[in-house]
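A short write-up of the structure that comes next.
Because only heavy atoms are used, hydrogens play no part in the values below, and waters and symmetry mates are left out as well, while side chains stay in.
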Amino acid sequence: MARLRDFGLTAGIMPTGPRNAITDVPGVAVGHATLRRGDINTGVTAVVPQPGNLFADKLTAAVEVVNGFGKSTGLVQVAELGTLETPILLTNTFGVGTCANALIRRAIAENPQIGRRTSTVNAVVCECNDGPLSDIQAMAVGEADAMAALDAAAADFAEGSVGAGTGMSCFGFKGGIGSASRRIEIDGAARHLGVLVLANFGRAGDLRLPDGRIADPRWRDEAEKGSVIVVLATDVPLDQRQLQRVCRRAAAGLARLGAFWGNGSGDIVLGFTTANRIPHESREDCMSVARLNDRRIDDAFRAAAESTEEAVLNALCAAETIEGRGGRSRPLLSDWLRDAAG
């Protein structure tokens with residue numbers, strides 16, 4: 001599996017975590033279920049923020065909608081309450097409802113009181129349209145696929161044309177799943193901020209590499225109408241307001257690549273921190289929350305921008321050729337880079 005740095009390119013100046021992936025944040029795990037048969041090239045990617053019962057012990061979370069042409073579920077409550085209480089599933093546009101059902105069933109199995117003695121559960125599923133390379137009307141994703149992705153979650157995971165990224169396109173090249181991370185020193189201790197992207201955005205001919213070159217796939221689509229989902233994780237202690245500010249800086253990483261967030265592009269950033277947990281049932285009227293001094297938040301801002309930029313490029317470099325619906329395909333950025341190197 002190729003990554004950006006295998007081609008002698010780097011994004012930004014900050015040090016990476018050991019894996020240079022979202023799973024450098026302790027406890028975070030990622031899993032895939034990939035569906036490839038005939039005209040179907042799709043799947044599910046699961047981001048499990050922490051082990052254990054997330055409904056009973058929630059995480060502080062925030063969402064930044066860069067451009068709202070999207071069909072995700074669960075984001076309204078995340079924005080209102082600032083909490084995340086399920087794993088995050090990524091899939092194709094028509095798989096959102098199915099994946100939400102899977103998350104709800106799993107949460108009920110762990111917490112039988114949901115919807116009866118206590119509140120309902122807010123399932124979070126985000127999507128991109130893989131229609132050009134997959135028969136999205138087949139509605140191929142099933143609840144079993146969502147469960148399989150959750151069960152496969154681990155610290156080490158594949159990138160590129162896997163899981164939800166199987167049929168995605170990006171800047172005219174084959175897109176998919178990518179990840180990156182940055183290390184931040186806080187009070188003398190190492191903390192991490194990591195990003196995972198579902199890259200399905202960008203107009204062909206607009207991709208700008210970190211060294212300034214324009215990577216042109218030599219074909220044009222009529223408009224920029226894809227989407228990108230950015231999942232941002234950190235163990236830096238942040239409150240919801242700070243976390244949303246950090247999420248907003250992920251858009252700087254997208255802009256560095258040449259994105260302008262077209263009218264038909266759904267560009268969503270969903271972030272969480274593992275540092276502040278919120279119990280579902282607490283008898284305390286007031287709870288203590290650790291938060292970063294705002295004077296130190298610029299490191300997190302830069303980490304969000306750099307990690308997002310590199311995660312997208314890792315998705316492009318790791319992608320493999322897919323023959324999609326009607327024989328369609330997309331060129332590979334990895335081939336372009338090798339050809340450009342002579």
Side-chain angles (χ1 to χ4, degrees), residues 22-30 46-65 72-89 99-126 146-147 150-151 153 155 184 186-187 189-194 196 231-248 268-294 296-297 300 304:
I22 192 172
T23 50
D24 286 324
V25 178
V28 177
V30 175
V47 179
V48 179
Q50 290 286 276
N53 190 330
L54 293 176
F55 181 79
D57 198 19
K58 309 177 198 302
L59 282 77
T60 298
V63 61
E64 176 70 13
V65 178
S72 300
T73 187
L75 300 185
V76 171
Q77 183 167 312
V78 172
E80 182 70 20
L81 300 185
T83 59
L84 180 67
E85 58 189 24
T86 71
I88 300 160
L89 293 183
C99 287
N101 283 344
L103 287 175
I104 292 167
R105 290 188 204 282
R106 179 161 288 207
I108 290 173
E110 291 181 332
N111 307 272
Q113 71 275 23
I114 285 176
R116 293 185 174 171
R117 186 179 61 80
T118 191
S119 64
T120 56
V121 62
N122 184 48
V124 176
V125 185
C126 298
M147 296 295 190
L150 290 164
D151 291 339
I184 305 172
I186 303 291
D187 286 335
R191 304 274 186 157
H192 292 87
L193 184 149
L196 180 140
V231 179
L232 184 152
T234 186
D235 58 354
V236 175
L238 302 168
D239 62 24
Q240 184 194 14
R241 175 190 63 83
Q242 292 176 313
L243 189 55
Q244 185 176 17
R245 296 183 71 204
V246 173
C247 288
R248 192 170 298 139
I268 309 294
V269 186
L270 174 62
F272 62 86
T273 174
T274 63
N276 288 317
R277 306 298 293 267
I278 301 99
H280 180 71
E281 294 184 349
S282 176
R283 297 182 180 180
E284 299 175 352
D285 290 335
C286 296
M287 294 182 289
S288 298
V289 175
R291 60 183 297 277
L292 184 68
N293 189 324
D294 278 341
R296 289 296 320 280
I297 203 168

Report summary line: When rounded to the nearest 0.5 Å, the distance separating CZ of Arg245 from CD of Gln242 is 7.5 Å

Report task. Mind jotting down which residue pairs meet the side-chain hydrogen bond (donor to acceptor under 3.5 Å, both in side chains) criterion with at least one end in residues 111-122? Sequence neighbours excluded, please. Result -> Asn53-Asn111, Arg117-Glu281, Thr118-His280

Report summary line: OG1 (Thr83) and CZ (Arg277) are apart, to the nearest 0.5 Å, by 11.5 Å

Query raised in the report: Can you name the closest pair of heavy atoms from Val48 and Ala153 and give their distance?
Result: CG2-CB, 3.7 Å

**Report entry** Val124: which of Leu75, Val63, Leu89 passes side chain to side chain contact (heavy atoms under 4.5 Å, CB included)
**Finding:** Leu75

**Report entry** Atom pair CG/CZ of Leu103 and Phe55 - distance to nearest 0.5 Å
**Finding:** 13.0 Å

Query - Shortest non-hydrogen separation from Leu270 to Cys247 and the atoms involved - result: C-SG, 4.3 Å

Requested in this report: Take Phe272 and Val25, measure what side chain to side chain contact (heavy atoms under 4.5 Å, CB included) needs, and give me the verdict at the end.
Outcome: CA-CA 11 Å; Phe272 62 86; Val25 178; 5.6 Å; no

Report summary line: Between Val246 and Leu232, the two heavy atoms sitting closest are CG1-CD1, 4.0 Å

Requested in this report: Flag yes if more than 12 heavy atoms outside Asn293 fall under 6.0 Å of its CG atom; otherwise flag no.
Outcome: yes

Report task. Could you tell me the separation between the OG1 atom of Thr73 and the CD1 atom of Ile104, rounded to the nearest 0.5 Å? Result -> 7.5 Å

Report task. Run the numbers on Arg296 and Asp187 for salt bridge (Lys or Arg N to Asp or Glu O under 4.0 Å), then give the verdict. Result -> CA-CA 10 Å; Arg296 289 296 320 280; Asp187 286 335; 5.7 Å; no

Report task. Would you check, one step at a time, whether the test side chain to side chain contact (heavy atoms under 4.5 Å, CB included) holds for Thr86 with Val121? Result -> CA-CA 8 Å; Thr86 71; Val121 62; 3.6 Å; yes

Query raised in the report: Ion pair present between Asp151 and Arg106, side-chain N to carboxylate O less than 4.0 angstrom?
Result: yes

Report task. State, yes or no, whether a side-chain contact exists between Arg248 and Val269 at a heavy-atom distance under 4.5 Å. Result -> no

**Report entry** Exercise: identify the closest heavy-atom pair between Thr274 and Pro26
**Finding:** CG2-O, 4.5 Å

**Report entry** Test item: Asn276 side-chain N/O and Ala290 main-chain N/O as donor-acceptor pair under 3.5 Å
**Finding:** yes

Query - Full working for side chain to side chain contact (heavy atoms under 4.5 Å, CB included) between Ile278 and Thr60 - result: CA-CA 7 Å; Ile278 301 99; Thr60 298; 3.2 Å; yes

Query raised in the report: Do you know the tightest heavy-atom contact between Pro237 and Ala275?
Result: CA-CB, 3.5 Å

Requested in this report: Go through the steps for Asp235 and His192 under the test side chain to side chain contact (heavy atoms under 4.5 Å, CB included), then give the verdict.
Outcome: CA-CA 6 Å; Asp235 58 354; His192 292 87; 4.3 Å; yes

Report summary line: Heavy atoms of Ile297 and Leu292 approach each other most closely as CA-CD2, 3.8 Å

Query raised in the report: Can you find a heavy atom in the side chain of Pro87 that is under 4.5 Å from one in the side chain of Leu54?
Result: yes

Requested in this report: Would you give the length of the straight line joining atom CD of Gln240 to atom OG1 of Thr273, rounded to the nearest 0.5 angstrom?
Outcome: 12.5 Å

Query raised in the report: Is any side-chain heavy atom of Gln50 less than 4.5 Å from a side-chain heavy atom of Asp57?
Result: no

Report summary line: OG1 of Thr234 to CG of Asp24, rounded to nearest 0.5 Å, is 11.0 Å

